[in-house]
Amino acid sequence: MKRDHGLHINPLTDVVISCGQTEAFAASIFAVIDHGDEVLLFDPAYETYGPCISLAGGIPVYVPLDPPYWTFDVEKFKKSFTSRTKAVVLNSPHNPTGKVFTTGELEAIAEACRSRDCICITDEVYEYITFGIHNHVSISSLHGMQERTIITSSLSKTFSVTGLLCFANSTGWRIGWSCAPSNIASAIRNIHINITDSAPAPFQEAALTALRSSTEYFKSLRTSYEARRDNAVETLSRLGFQIQFRPQGSFFLFAELPESWLHSDVDFVRELIKKGGVAAVPGCGFFHNSSNNENKYYNRFVRFAFCKSDETLAAAAQRIRELEVIGDKGLLKKL
Ligand SMILES: Cc1ncc(COP(=O)(O)O)c(C=O)c1O
């Protein structure tokens with residue numbers, strides 16, 4: 001925290017080690033949200049935030065990120081605050097869009113949190129996966145923010161030990177953390193003790209070694225993902241997607257479906273799996289109002305992940321190319 005963000009954190013009082021960011025986030029929400037408190041979320045969002053806030057008795061309030069660049073209207077954002085707003089959730093680099101929030105955007109969020117006396121709960125799991133000129137800045141390092149920010153992050157993405165639950169089997173090393181002012185960290189620790197008690201000790205030792213990796217490791221993480229990002233953009237462009245927004249961080253590409261498949265994200269993904277054997281995630285899973293169809297973008301996007309080995313990604317690209325050859329008007333029409 002000191003090296004990357006210039007933050008002074010007391011390891012004994014300001015840190016809670018948990019089972020992945022997922023638990024860090026849940027324990028943080030349960031620690032600070034009372035029944036009826038409102039929590040601002042950017043939409044689309046990683047899918048665990050909304051349910052977790054609701055489970056804690058809070059009310060998620062959504063602020064849209066607008067395509068193609070996933071910017072937000074600062075005035076609309078400010079107007080979303082009410083006397084019940086307790087916290088803002090900020091995930092940058094962002095899943096599913098790959099957006100890295102700009103310093104100007106972070107300043108606007110920080111200013112709103114300071115003036116409304118709100119907490120900012122961050123999800124920084126993609127902090128080391130940023131591309132080109134885009135760098136991760138923790139909002140906690142902005143003026144007056146450390147005292148009102150809960151940082152959550154984990155080993156999962158930086159060290160490729162991410163969790164996946166598949167029926168009775170699950171994977172992942174499940175080490176994450178919250179960093180917060182000591183009074184808030186103490187409340188988070190109380191929740192953590194009551195939901196999982198502790199994170200696995202051998203993996204905490206491994207985490208210590210991992211986090212002390214050389215700067216070369218972090219550099220090569222960026223360059224290898226950037227090359228995979230470029231390949232994914234190229235493959236999907238050939239497929240007929242108009243990629244207006246190249247991911248600036250994370251390992252996702254959120255691609256808008258072309259005209260022929262608009263509003264059919266689930267059908268498209270199903271066909272891609274059945275005919276090509278390549279999996280993606282329908283965008284509607286990330287927009288909060290997918291059931292009542294308020295948001296005109298909710299079923300127009302598909303999320304592709306490029307966090308696989310070069311061999312697997314090359315095999316996926318090859319399968320997609322083969323489908324493309326079969327199609328008389330290109331894969332997207334043919335499917
Ligand atoms: C934005 C975001 N936060 C958190 C997680 C989960 O992190 P963890 O494995 O540390 O629980 C993911 C995994 O997909 C994610 O994309």
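Ligands are counted one by one from 1 in listed order, and the atoms in each one are counted from 1 as well.
Here the shortest heavy-atom pairing between S154 and I175 reads CB-O, 3.2 Å. The shortest heavy-atom contact between R174 and P200 is O-CD, 4.2 Å.
Shown in contact with N95 at under 4.0 Å from a heavy atom are these atoms of ligand 1, numbered in order with element: 1 (C), 15 (C), 16 (O). Numbered from 1 in the order shown, with element, the atoms of ligand 1 that lie under 4.0 Å from a heavy atom of G20 read 10 (O), 11 (O). Close contacts between ligand 1 and S156 involve ligand atoms 8 (P), 9 (O), 10 (O) [criterion: under 4.0 Å to a heavy atom]. Taking every non-hydrogen atom of R174 and a distance limit under 4.0 Å, the qualifying atoms of ligand 1 come out as 8 (P), 9 (O), 11 (O).
The protein heavy atom nearest to atom 13 (C) of ligand 1 is K157 NZ, 2.5 Å. Among protein heavy atoms, the minimum distance from atom 4 (C) of ligand 1 is reached at Q21 OE1, 3.0 Å. Atom 11 (O) of ligand 1 has T22 OG1, 2.6 Å as its closest protein atom, hydrogens excluded (heavy atom only).
Put simply, the side chain of P181 does not reach to within 4.5 Å of the side chain of D14, judged on heavy atoms. The shortest side-chain heavy-atom distance between L90 and D123 does not fall under the 4.5 Å cut-off.
Between E226 and R229, at least one side-chain nitrogen of the basic residue sits less than 4.0 Å from a carboxylate oxygen of the acidic one, meeting the salt-bridge criterion. Salt bridge absent: R84 and E38 never bring a charged side-chain N and a carboxylate O closer than 4.0 Å. Salt-bridge check for D34 with K86: passed, with a basic side-chain N closer than 4.0 Å to an acidic carboxylate O.
Among F252, Y49, W177, Y46, the residue whose heavy atom lies closest to atom 12 (C) of ligand 1 is Y46. The closest non-hydrogen atom to atom 3 (N) of ligand 1, taken over D123, T152, T48, comes from D123.
Contact annotation: E23 has no heavy atom less than 4.0 Å from any atom of ligand 1.
Contacts between L155 and ligand 1, counted as non-hydrogen atom pairs separated by less than 4.0 Å, are absent for every part of the residue. For F25, no heavy-atom contact with ligand 1 is shorter than 4.0 Å.
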Worked check of side-chain contact (heavy atoms from CB on, under 4.5 Å) between F101 and I109: CA-CA 10 Å; F101 282 66; I109 298 166; 4.1 Å; yes
